[in-house]
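To start, the structure under review is shown below, and the notes come after it.
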Protein chains: 2
Amino acid sequence: MTTIEGVSEIPFWKGHGTRNDFIVVPDPDGARSLSAAEVAAMCDRRGGIGADGVLRVVRGSAEPALAALAPEAEWFMDYRNADGSLSETCGNGLRVFARYLVDSGLAVPGRLAIGTRAGVVQVDVGPVGDVTVDMGLPEVFETSFALVGGAKYEGLHVSMGNPHLVCVTDVPVETLDLTVLPDVDMAVFPAGVNVEFVNIVDGAHAVMRVYERGVGETESCGSGACAVAAALAVRAGVSAGSWQLSVPGGELSLTIDAETGHVLLRGPAVVVARGVWL
Amino acid sequence: MTTIEGVSEIPFWKGHGTRNDFIVVPDPDGARSLSAAEVAAMCDRRGGIGADGVLRVVRGSAEPALAALAPEAEWFMDYRNADGSLSETCGNGLRVFARYLVDSGLAVPGRLAIGTRAGVVQVDVGPVGDVTVDMGLPEVFETSFALVGGAKYEGLHVSMGNPHLVCVTDVPVETLDLTVLPDVDMAVFPAGVNVEFVNIVDGAHAVMRVYERGVGETESCGSGACAVAAALAVRAGVSAGSWQLSVPGGELSLTIDAETGHVLLRGPAVVVARGVWL
């Protein structure tokens with residue numbers, strides 16, 4: 001059996017939100033400092049358990065450095081990418097994180113304030129079922145474009161903290177070749193951009209595929225779904241509303257709150273296994 | 001949480017042999033009939049645990065239909081592919097299966113007779129470390145060829161129960177583009193073939209990459225490694241010997257036994273997690 005230096009066994013849950021999958025590592029007392037190598041080993045899809053990332057569950061009060069980032073939150077989501085690097089936050093991950101807190105008995109259903117490296121996030125989680133994450137205020141910028149297979153798609157530049165280019169098109173998104181990075185205007189997106197391709201089904205329902213920068217096509221992208229909602233609102237000339245968004249990994253519901261202007265991302269959070277990493 | 005019809009929780013172990021990974025499902029009493037849909041859900045790398053296949057561990061005496069396939073074996077490896085379909089056997093899987101039997105206390109270290117849909121297989125497993133599987137007699141046929149990127153590679157047709165084409169070449173195997181199926185002579189291989197590309201390092205050590213029919217390039221192929229040993233023996237004009245074989249997923253040792261002519265496949269079997277599928 002594998003042992004990691006000084007740590008013999010690490011309890012974990014595995015779950016996913018619209019097929020963006022995570023290993024949840026409970027560590028309420030902050031007793032477990034997961035190294036980048038440990039995270040990468042756990043996320044390795046053949047040599048390990050396999051996941052897009054690790055969500056370490058730590059009580060903010062147990063780690064002052066984390067508490068300083070989100071002092072109001074009882075629980076902090078220490079998000080690590082599959083390669084072990086740190087990341088600010090993740091909309092699909094927050095749903096799984098909140099579901100874990102409730103299913104494990106660490107939190108009661110209701111509104112939870114969850115700490116992340118991007119600050120405190122409000123999450124609504126019931127005793128079972130879908131979870132809603134307040135993804136904050138979108139910022140809408142100018143139009144730009146993406147090139148796929150020589151064809152040009154006009155899009156809207158939206159920031160959800162990270163950059164998105166939302167391209168609404170009549171070309172069926174399932175026909176697009178997203179095996180290669182779409183070309184974008186590097187003067188507008190010097191740090192790259194996540195590109196969403198969207199078909200409108202009707203005023204309340206759209207279909208999305210997404211190319212995530214640095215990753216490739218994924219089955220879901222929480223912030224990308226929110227950027228789509230913002231673009232659909234601009235297109236409809238409204239400042240609030242609700243949309244259903246079909247992504248390859250499942251179904252998401254997006255609401256732009258009339259009062260705050262925040263985008264609320266609602267979707268599934270499914271726990272599929274519990275275990276011990278050896 | 002996910003529940004599968006009528007089955008609330010399924011205990012499992014996860015492990016791999018040279019990065020060919022498996023979910024081991026203990027079922028000594030044959031009480032658990034895993035449906036194809038359940039296996040596919042567990043093997044799903046994002047929506048499930050993720051693996052190349054499931055190894056159900058069942059006592060032969062508990063399931064007469066399986067016992068009939070391998071009456072001498074106490075334990076039967078009910079191997080399922082990731083899509084839920086049945087499969088005969090798997091060299092890398094047998095190592096993990098045997099390691100599970102010993103680590104879980106179901107068998108004592110030593111020589112185990114393990115039942116498979118291809119008959120009884122002899123496995124040598126110690127209290128820790130690598131595991132050796134008797135992969136049986138190779139059959140060597142004529143030479144043939146594979147085409148990769150327009151270049152022709154001569155190879156030897158070897159059967160280990162399943163068909164292989166072993167191409168020894170001076171072209172560094174790491175430079176080959178194995179993202180597409182190599183072209184082969186369909187008159188020789190009407191049902192397709194697994195193609196191994198091999199660089200000889202010295203008389204006792206070679207490097208292999210493999211394209212598995214129906215799958216694509218994989219990091220390891222147990223029967224492919226055995227076919228390589230048979231081809232290296234033919235090349236060296238010997239009927240027995242030992243070779244170390246480096247595959248993308250790790251290191252394997254192959255021995256052709258002087259007495260039986262059988263190929264013995266020795267390699268790692270690593271258990272990385274234990275848990276419960278919900």
Side-chain angles (χ1 to χ4, degrees), chain A residues 1-4 8-25 38 40-53 82 92 96 99-100 102-104 127-129 179-180 215 217-220 247-250 268-278, chain B residues 1-4 8-25 38 40-53 82 92-93 96 99-100 102-104 127-129 179 215 217-220 247-250 268-278:
Chain A
M1 297 186 204
T2 308
T3 51
I4 293 170
S8 54
E9 297 197 346
I10 300 178
F12 71 89
W13 290 31
K14 186 174 178 193
H16 71 96
T18 47
R19 298 178 58 77
N20 193 184
D21 66 333
F22 307 95
I23 297 165
V24 180
V25 175
E38 285 167 343
M42 295 176 81
C43 289
D44 184 321
R45 292 198 183 270
R46 291 179 174 277
I49 301 160
D52 289 327
N92 295 322
V96 173
R99 174 52 59 218
Y100 166 78
V102 167
D103 284 8
S104 68
V128 294
T179 56
V180 291
V215 183
E217 184 178 14
T218 65
E219 294 191 57
S220 182
V247 300
V270 183
V271 176
V272 300
R274 284 194 298 265
V276 178
W277 168 254
L278 302 170
Chain B
M1 296 188 205
T2 307
T3 52
I4 292 172
S8 55
E9 297 198 345
I10 301 178
F12 71 88
W13 289 31
K14 186 174 179 192
H16 71 97
T18 46
R19 298 180 58 76
N20 194 183
D21 65 335
F22 307 95
I23 297 165
V24 180
V25 175
E38 286 168 342
M42 294 175 82
C43 289
D44 184 322
R45 292 198 182 271
R46 292 178 173 276
I49 301 160
D52 289 328
N92 294 322
V96 173
R99 173 53 58 217
Y100 166 79
V102 167
D103 284 7
S104 68
V128 294
T179 56
V215 182
E217 186 179 12
T218 64
E219 295 190 57
S220 183
V247 299
V270 183
V271 176
V272 299
R274 284 193 299 264
V276 178
W277 168 254
L278 302 172

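Proteins come first, then strands; the chains are lettered A, B, ... in the order of their sequence lines, and each starts at number 1. The structure presented is a predicted model; accordingly, all values stated were derived computationally and were not measured.
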- Task: Return the set of residues passing side chain to side chain donor-acceptor pair (under 3.5 Å) with Arg46(B) (not counting sequence neighbours), or none when no residue passes.
- Result: Asp52(A)
- Query: Can you list the residues that meet the side-chain contact (heavy atoms from CB on, under 4.5 Å) rule with Val215(A), with sequence neighbours excluded?
  - Reply: Glu212(A), Thr218(A)
- Could you tell me which of Gly48(A), Gly50(A), Ala51(A), Gly250(A) has the largest number of non-hydrogen atom pairs under 4.5 Å with chain B? Gly48(A)
- Query: If you look at every heavy atom in Ala273(B) and Ile49(A), which pair is closest and at what distance?
  - Reply: CB-CG1, 4.2 Å
- Query: Side chain, backbone, both or neither: which part of Phe12(B) has an atom under 4.5 Å from a heavy atom of chain A?
  - Reply: side chain
- Select, from Val128(A), Asn20(A), Asp44(A), the one with the greatest count of heavy-atom pairs under 4.5 Å involving chain B. Asp44(A)
- Distance, nearest 0.5 Å, that separates CG of Leu278(A) from CZ of Arg274(B): 4.5 Å
- About how many Å separate CG of Asp21(B) and CZ of Arg45(A), when rounded to the nearest 0.5 Å? 10.5 Å
- Message: Quick one, Met42(B) and Val272(A) - any side-chain contact, counting heavy atoms below 4.5 Å?
- Response: no
